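The shown structure was predicted, so the numbers you read here are calculated from the model rather than taken from an experiment. These values consider heavy atoms only, across backbone and side chains, with no hydrogens, waters or symmetry-generated copies.
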Amino acid sequence: MASVSVCIVTYNSAKHIASCLEALSGQVYPIDRIVIVDNASTDDSCVIIKAYQAQSNIPIQLIENSFNNGFAGGQNQALNAYEADYAVVLNPDVSLHPSYIADIVAVMEQEPLVGSATGQLLFADDQSIVDSTGLAMSGTRHATDRGMGESADRWLLSGDVFGVSGAAAVYLRRMINDISLEGQFFDETFFAYKEDVDVAWRARRLGWRSYYVHTAKALHGRGWKKNARSSIPLFVRQHSYMNRFYTLIKNEPIGWHWFALLPQIAVIEAAKLAYIIIREPAMLGCLPKLLRTLPEMWKKRQQINQMIRRPQSKKTKLEL
């Protein structure tokens, strides 16, 4: 039987972590270890986790950071702490139904090119509505959660997707090792937000598939995307803005399609910048860092291109 670990990053997650761990204890599929990285929470997150450590039927490893290492950095810590055949990357505000891991692993074991998979994520406060069935990529390279806001009854067909949301993703360890750049699976420059899009795009370009398993269910207590933009912390909005450019620079293939694509992206980004200048000028504080880190992203792009050109033994290259 393939081994499974669960990787969770907490940051002031006391409200949700107990229900998350309770759901993991009820999983049909055996979990080898739960690795939790706490990013210097100031609430009772670690107190609750330590209480569960003492009574859990699953070994729980807690890594307490003295600073906020971000979602990307925290998840890399968790992924490196314990190597199992499959790693479940999980948000603390997600509760998995009992067969979530079992349903997904059963599919991935039969499909060697599937390096990541997800189930049907539903809003916790309205379980008839979809939060995500994977990631979709638009023609102008905007990634969205498939089916968000739609009835769950409309998403009863499993199949390939562009990628999977990092809220409740199952990653194959062989793929993690295969696509990591300089030892990082999630790009830590992203800090948080869109790091799962970057991984999905890189994995796809390197020949791996992503899959949606409709029988696997989970509840997500997501709040920001349903609320006003002003409720999203400024640093998250800034990272989201920067990470959009990072994903494009690292992953968009060069080709004749650029003549049609680049003008469309330029118009969209110019409109965004105008909105920021008028309505959210504090966002402009991220521009110096964005300009400073662009050469780093170009270097990573070159590394990815070298990885694409390497001999492919059991994989075939996939196009966008």
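- Between the side chains of Asn69 and Asn39, no donor N or O sits under 3.5 Å from an acceptor N or O.
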side-chain contact (heavy atoms from CB on, under 4.5 Å) for Arg205 and Met307? Distances and angles first, verdict last. CA-CA 9 Å; Arg205 295 195 69 207; Met307 294 165 73; over 6 Å; no

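- Separating the CG atom in Asp103 from the CG atom in Leu96 is a distance of 11.0 Å, to the nearest 0.5 Å.
- Annotation: the span from Leu248 atom CG to Arg244 atom CZ amounts to 4.5 Å, rounded to 0.5 Å.
- A salt bridge (charged side-chain N to carboxylate O under 4.0 Å, His left out) check over residues 29-44, counting only residues at least two apart or in different chains, returns nothing.
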Checking Leu122 against Ile129 for the side-chain contact (heavy atoms from CB on, under 4.5 Å) test, could you report, in this order, the C-alpha distance in whole Å, the side-chain angles of both residues, the deciding distance, and whether it holds?
CA-CA 6 Å; Leu122 306 171; Ile129 303 299; over 6 Å; no

Show, in sequence, the C-alpha distance, side-chain angles and deciding distance for Asp198 and Thr247, and conclude whether the side chain to side chain donor-acceptor pair (under 3.5 Å) test is met. CA-CA 5 Å; Asp198 175 60; Thr247 56; over 6 Å; no

Using the rule given for side-chain contact (heavy atoms from CB on, under 4.5 Å), can you reason through Ile304 versus Leu181, listing the C-alpha separation, both sets of side-chain angles and the distance that settles it, and then say yes or no? CA-CA 8 Å; Ile304 294 169; Leu181 287 175; 3.9 Å; yes

Give the intermediate values and the outcome of side chain to side chain donor-acceptor pair (under 3.5 Å) for residues Gln303 and Glu182.
CA-CA 9 Å; Gln303 292 174 330; Glu182 299 178 352; 2.9 Å; yes

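- A distance-only check finds no donor-acceptor pair linking the side chain of Ser240 to the backbone of Tyr193 [under 3.5 Å].
- Asp187 pairs with exactly one of Arg301, Lys194, Lys300, Arg202 by the salt bridge (Lys or Arg N to Asp or Glu O under 4.0 Å) rule, that one being Lys300.
- Heavy-atom neighbours of Leu157 CG from other residues, nucleotides or ligands within 6.0 Å: at or below the threshold of 12.
- Of all non-hydrogen atoms in Ile63 and Ala81, the two that sit nearest each other are CD1-CB, 4.1 Å.
- Side-chain contact between Leu90 and Cys20 is present, with heavy atoms from C-beta onward closer than 4.5 Å.
- Between the side chains of Asn243 and Glu195, no donor-acceptor pair of N or O atoms lies under 3.5 Å.
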Open item on the list: side chain to side chain donor-acceptor pair (under 3.5 Å) for Asn12 and Thr42? Distances and angles first, verdict last.
Closed with: CA-CA 6 Å; Asn12 293 335; Thr42 56; 3.3 Å; yes

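- Cluster membership check: Ile249 shares its hydrophobic cluster with Leu291, using side-chain heavy-atom separations under 4.5 Å among Ile, Leu, Val, Met, Phe, Trp and Tyr.
- A parallel orientation is assigned to the rings of His239 and Phe191, their planes being inclined by less than 30° (bins at 30° and 60°).
- The two residues Lys250 and Met297 make their nearest non-hydrogen contact at CD-SD, 3.5 Å.
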Chi angles and distances behind the side-chain contact (heavy atoms from CB on, under 4.5 Å) call for Asn65, Gln77
CA-CA 10 Å; Asn65 286 339; Gln77 285 181 269; 2.8 Å; yes

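- Looking only at side-chain heavy atoms (C-beta outward), Val4 and Asp85 stay at 4.5 Å or farther from each other.
- At a threshold of 4.5 Å between non-hydrogen side-chain atoms, the residues Arg204 and Ser210 do not count as touching.
- Between Trp258 and Pro263, the closest heavy-atom pair is O-CD, 3.7 Å.
- Taking 4.5 Å as the limit, some side-chain heavy atom of Gln127 sits within range of a side-chain heavy atom of Leu219.
- Rounding to the nearest 0.5 Å gives a distance of 9.0 Å between CE of Met242 and CZ of Arg292.
- To the nearest 0.5 Å, atom NZ of residue Lys50 and atom CD1 of residue Ile48 are 12.0 Å apart.
- Judged by the 6.0 Å distance and 45° axis criteria, Arg146 is positioned over the aromatic ring of Tyr212.
- Taking all atoms of both residues into account, the shortest heavy-atom contact from Met175 to Ala203 is SD-CB, 3.8 Å.
- Residues Glu296 and Tyr246 have side chains that never bring a donor and an acceptor to within less than 3.5 angstrom of each other.
- Note: Glu111 CD to Met108 CE = 10.0 Å, rounded to the nearest 0.5 Å.
- Side-chain contact between Leu62 and Val37 is absent, with no heavy atoms from C-beta onward closer than 4.5 Å.
- Side-chain contact annotation: Asp131 with His220, donor-acceptor N/O pair under 3.5 Å present.
- Between the side chains of Trp155 and Gln120, no donor-acceptor pair of N or O atoms lies under 3.5 Å.
- Phe71 has its ring centre no less than 6.0 Å from the ring centre of Phe190.
- Residues Ile8 and Asn91 are not in side-chain contact: their nearest non-hydrogen atoms beyond the backbone lie 4.5 Å or more apart.
- Applying the side-chain contact (heavy atoms from CB on, under 4.5 Å) test between Ser116 and each of Val164, Leu135, Leu172 identifies Val164 as the sole match.
- Of the possible donor and acceptor atoms, none in the side chain of Tyr52 sits under 3.5 Å from a partner among the backbone N and O of Glu22.
- Residues in residues 71-84 take part in no salt bridge (charged side-chain N to carboxylate O under 4.0 Å, His left out) pair, two or more places apart or across chains.
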Before giving the answer on side chain to side chain donor-acceptor pair (under 3.5 Å), spell out for Tyr86 and Glu109 the whole-Å C-alpha distance, their side-chain angles and the decisive distance to 0.1 Å. CA-CA 10 Å; Tyr86 293 95; Glu109 284 288 280; 2.5 Å; yes

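- Counting non-hydrogen atoms of other residues, nucleotides and ligands closer than 6.0 Å to NZ of Lys15 gives a total of 12 or fewer.
- Contact of the Ile268 side chain with the Ile265 side chain is not registered, since no non-hydrogen atoms from C-beta on lie closer than 4.5 Å.
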- Can you check ring-ring contact (aromatic ring centres under 6.0 Å, His included) on Tyr171 and Phe185, steps first, answer last? CA-CA 11 Å; Tyr171 293 109; Phe185 179 61; 5.0 Å; yes

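- When atom types are taken as modelled, the side chain of Gln75 and the backbone of Cys7 share a donor-acceptor pair closer than 3.5 angstrom.
- For Ser132, the side-chain contact (heavy atoms from CB on, under 4.5 Å) partners are Leu121, Asp145, Ser165, not counting sequence neighbours.
- Annotation: the span from Tyr100 atom OH to Thr215 atom OG1 amounts to 10.0 Å, rounded to 0.5 Å.
- Salt bridge status for Asp160 with Arg209: present, with a side-chain N to carboxylate O gap under 4.0 Å.
- In the model, Ser41 has no side-chain atom that pairs as donor or acceptor with a side-chain atom of Thr10 under 3.5 Å.
- A distance-only check finds a donor-acceptor pair linking the side chain of Asp196 to the backbone of Gly166 [under 3.5 Å].
- Ring pair Phe259/Trp256 is parallel by interplanar angle, where below 30° counts as parallel and above 60° as perpendicular.
- In terms of heavy atoms, Ser99 sits closest to Gln27 at C-OE1, 4.3 Å.
- Taking 4.5 Å as the limit, every side-chain heavy atom of Thr133 sits out of range of all side-chain heavy atoms of Thr118.
- Scanning both residues, His257 and Arg141, for their nearest heavy atoms gives CD2-NH2, 3.9 Å.
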